[in-house]
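This one's a predicted model, so the numbers in the text were calculated from it and none came from an experiment.
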Amino acid sequence: TINVYQRAFDNVNGKECLSSNQILNVNIHPLPIADEIQGPTVLCQYTDTISYSLAGFPNSTYTWSLNGNSSNIVGQGTNTIKAVWDKSGQFILSVFELSEFDCPGEIIDTLITIHPKPLTSPIIGDVIICPEDTDNKTYGVSGFSTSTYTWNVEGERDYTGEGNPSISVDWDTYSEPSGLYVLEVSDQGCPGDTQFLDITFDNIAIDLKVVSVGTPDDRMLIEWQIDENTTSSGFQIEKRIANSGSPWEVIGNTAGDIFSYTENGINTDITPFKYRVTAVNECGTLILSEQHTSILITGSKDEDLNSLLNFTNYLGWENGVSNYDLYGSSNVSDYTVVESAVIPGNTVYVEHNPEQYRKCYRIRADENSGENTTSWSNEICFFFSPQVIIPNAFTPNFDNLNDGFGVKGIAIKDFNMQIFSRWGEKLYESNNLEEKWMPVYKNSDVQMGTYIYLIKFTDYENKVFIKSGTINLIK
């Protein structure tokens, strides 16, 4: 407080004169004395939002600046600001405090060092791995020379080079990988962005399930499959004659989602055929299926019209064939089992049935376990036209050779035979193909000479045939 009054001296009266006392009150406010900015001074680029503050007077106004620029500062005017360091380098952060009584403080500043964030390049290396080429695969990135690199590899048997910008990997293509990861950390401890590389294992393997002669037998059915988690852009089907050195012939192609093929217009009655399916994997390698060989059935009929059949092995199933069955059909029945457990290379004998003027046979092979698939052979057929075989003489001398007159028939349904004398008298009649005429008429032997026969017969479609002629009785 300042008091002011005025004194004067009256020389006349010899007295001292005093004015009234004047008072002036003076307030002295303190200067801001905060002298240190609070906050980290060494950071990595792109670190999360950072706060800086000055512990000044509560009601002061604060003017912040960064390298002399006070714009675009979040929290300007307060004692706390926030900063996002999106650039590397060194920066001067300063603040000026002005108290509520307009008392200025000193400009306070601090040096902020922002270390650069590593800008790791994408991982370079093979992204498709095939079983035939899995080892010593190199993968690398570009970054700071002084950085440390942390790798995470999924699906590997082994890898080397941890800590370095490049590694060498030996892959295990039968695992389930998701790929490679790498994190670069600079020598100042600043992490980059994690880089990821997706790895695909192309383990395509073609399992040829079966080849089978179709119905009718002028076609071959080929079926295959691939593992569930593999794909292919397409398949090529090839064949060659079995048991020969003939070259493979391309017979067709399918899209990658088609797993069967039918070869049409082929003759399956001459030779067995060997088949395989191929594809090219993502590494450019030709992938081959196992080879399967179709079944060929062949045969003939003997003089008694019995069927003699032979067939070849089915080849290709990992566990072989569990069973071969002979199936047959005819003009009177569809395909049914004729004989089970027949053996390749052994002749199968089928007795003639006179009612069957058309006989067809096929072999069925069943896979031993595995996919439980079935393969059929080609079809072999024998056709029997209705006919009779008629001798021209017989000798009833009881030597058991041509003692009676009879005929043999093939594919005959109804039969009738009549014998006449040269004068037209009917001496004998029978509807039994197996029966023979012994030269007796009315309980008496007939004389040696020439006789007339009339034979009528039908096939199994009821078509009528007639044969007539003469027969010589020799005694």
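One distance of note links OG of S246 with CG of N243; it measures 10.0 Å at 0.5 Å rounding. Taken from CH2 in W224 to CD in E290, the straight-line distance is 12.5 Å, to the nearest 0.5 Å. Taking CG of N372 as the reference point, atom NZ of K209 lies at 10.5 Å (rounded to 0.5 Å). How far NE2 of H292 is from CG of L208: 4.0 Å, rounded to the nearest 0.5 Å. The structure places CZ of F311 at 4.5 Å from CD1 of I363, a figure rounded to the nearest 0.5 Å.
Using the six-membered ring where Trp is involved, Y327 and Y335 have ring planes that are tilted, between 30° and 60° apart. Using bins of under 30°, 30° to 60° and over 60° for the plane-to-plane angle, the ring pair F465/F457 lands in the parallel bin. Below 30°, between 30° and 60°, or above 60°: for F405 and F394 the angle between ring planes is between 30° and 60°, a tilted geometry.
A salt bridge links K137 with D126: the closest approach of a Lys/Arg side-chain nitrogen to an acidic carboxylate oxygen falls below 4.0 angstrom. Looking at K456 and D414, no side-chain N of the basic residue comes within less than 4.0 Å of a carboxylate O on the acidic one, giving no salt bridge.
Taking the six-membered ring where the residue is Trp, the centroids of W151 and Y139 are separated by 6.0 Å or more. Aromatic pair F201/Y174: centroids not less than 6.0 angstrom apart. A distance of 6.0 Å or more separates the ring centres of F420 and Y451.
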query: What's the verdict on side chain to side chain donor-acceptor pair (under 3.5 Å) for N416 and Q418, showing C-alpha distance, side-chain angles and the deciding distance?
result: CA-CA 7 Å; N416 177 265; Q418 299 178 48; 3.2 Å; yes
Evaluation steps, side chain to side chain donor-acceptor pair (under 3.5 Å), between R362 and T215: CA-CA 11 Å; R362 298 185 78 173; T215 303; 2.9 Å; yes
- prompt: Can you check side chain to side chain donor-acceptor pair (under 3.5 Å) on N432 and S430, steps first, answer last?
  reply: CA-CA 5 Å; N432 187 348; S430 176; 5.6 Å; no
- request: In sequence, state the C-alpha distance, the side-chain angles, and the governing distance for I114 and K87, and then conclude on side-chain contact (heavy atoms from CB on, under 4.5 Å).
  value: CA-CA 7 Å; I114 306 299; K87 293 181 181 180; over 6 Å; no
task: Start with the C-alpha distance between F91 and W85, add both sets of side-chain angles, then the distance that settles ring pair (Phe, Tyr, Trp, His ring centres under 6.0 Å), and finish with yes or no.
output: CA-CA 10 Å; F91 303 87; W85 300 106; 5.4 Å; yes
message: One pair to check against side chain to side chain donor-acceptor pair (under 3.5 Å): D207 and Q225. What are the steps and the verdict?
response: CA-CA 5 Å; D207 174 21; Q225 63 185 4; 2.8 Å; yes
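In the displayed structure, D334 atom CG is contacted under 6.0 Å by at most 12 heavy atoms of other residues, nucleotides or ligands. Heavy atoms of other residues, nucleotides or ligands lying less than 6.0 angstrom from CG of N72 number 12 at most. No more than 12 heavy atoms of other residues, nucleotides or ligands lie within 6.0 Å of CG in D48, so this atom counts as exposed by the packing criterion. More than 12 non-hydrogen atoms from other residues, nucleotides or ligands lie less than 6.0 angstrom from CD of E162. Applying the 6.0 Å contact sphere to CG of N306 captures more than 12 heavy atoms from other residues, nucleotides or ligands. Summarising the local packing, CD of Q447 is surrounded by 12 or fewer heavy atoms from other residues, nucleotides or ligands at distances under 6.0 Å.
Of the candidates T194, T148, T120, T120 is the only one forming a side chain to side chain donor-acceptor pair (under 3.5 Å) with E184. Just one of D198, T200, L197 meets the side chain to side chain contact (heavy atoms under 4.5 Å, CB included) condition when paired with V127; it is L197. When each of R219, E263, M220 is checked for a side chain to side chain contact (heavy atoms under 4.5 Å, CB included) with T268, only M220 meets the rule.
Although no hydrogens or angles enter the test, the distance criterion places a donor-acceptor pair under 3.5 Å between the side chain of Y314 and the main chain of V211. Judged by distance alone, the side chain of T230 and the main-chain N or O of I204 form no donor-acceptor pair under 3.5 Å. Counting only distance, with no hydrogens or angles, the side chain of N203 and the backbone of T173 share a donor-acceptor pair below 3.5 Å. In this structure, the side chain of Y159 does not engage the main chain of W171 through any donor-acceptor pair within 3.5 Å.
Both cation-pi conditions hold for K239 and F273: the charged atom is under 6.0 angstrom from the six-membered ring centre and inside a 45 degree cone around its axis. Geometric assessment of R276 against the ring of W248 yields a positive cation-pi assignment under the 6.0 Å and 45° thresholds.
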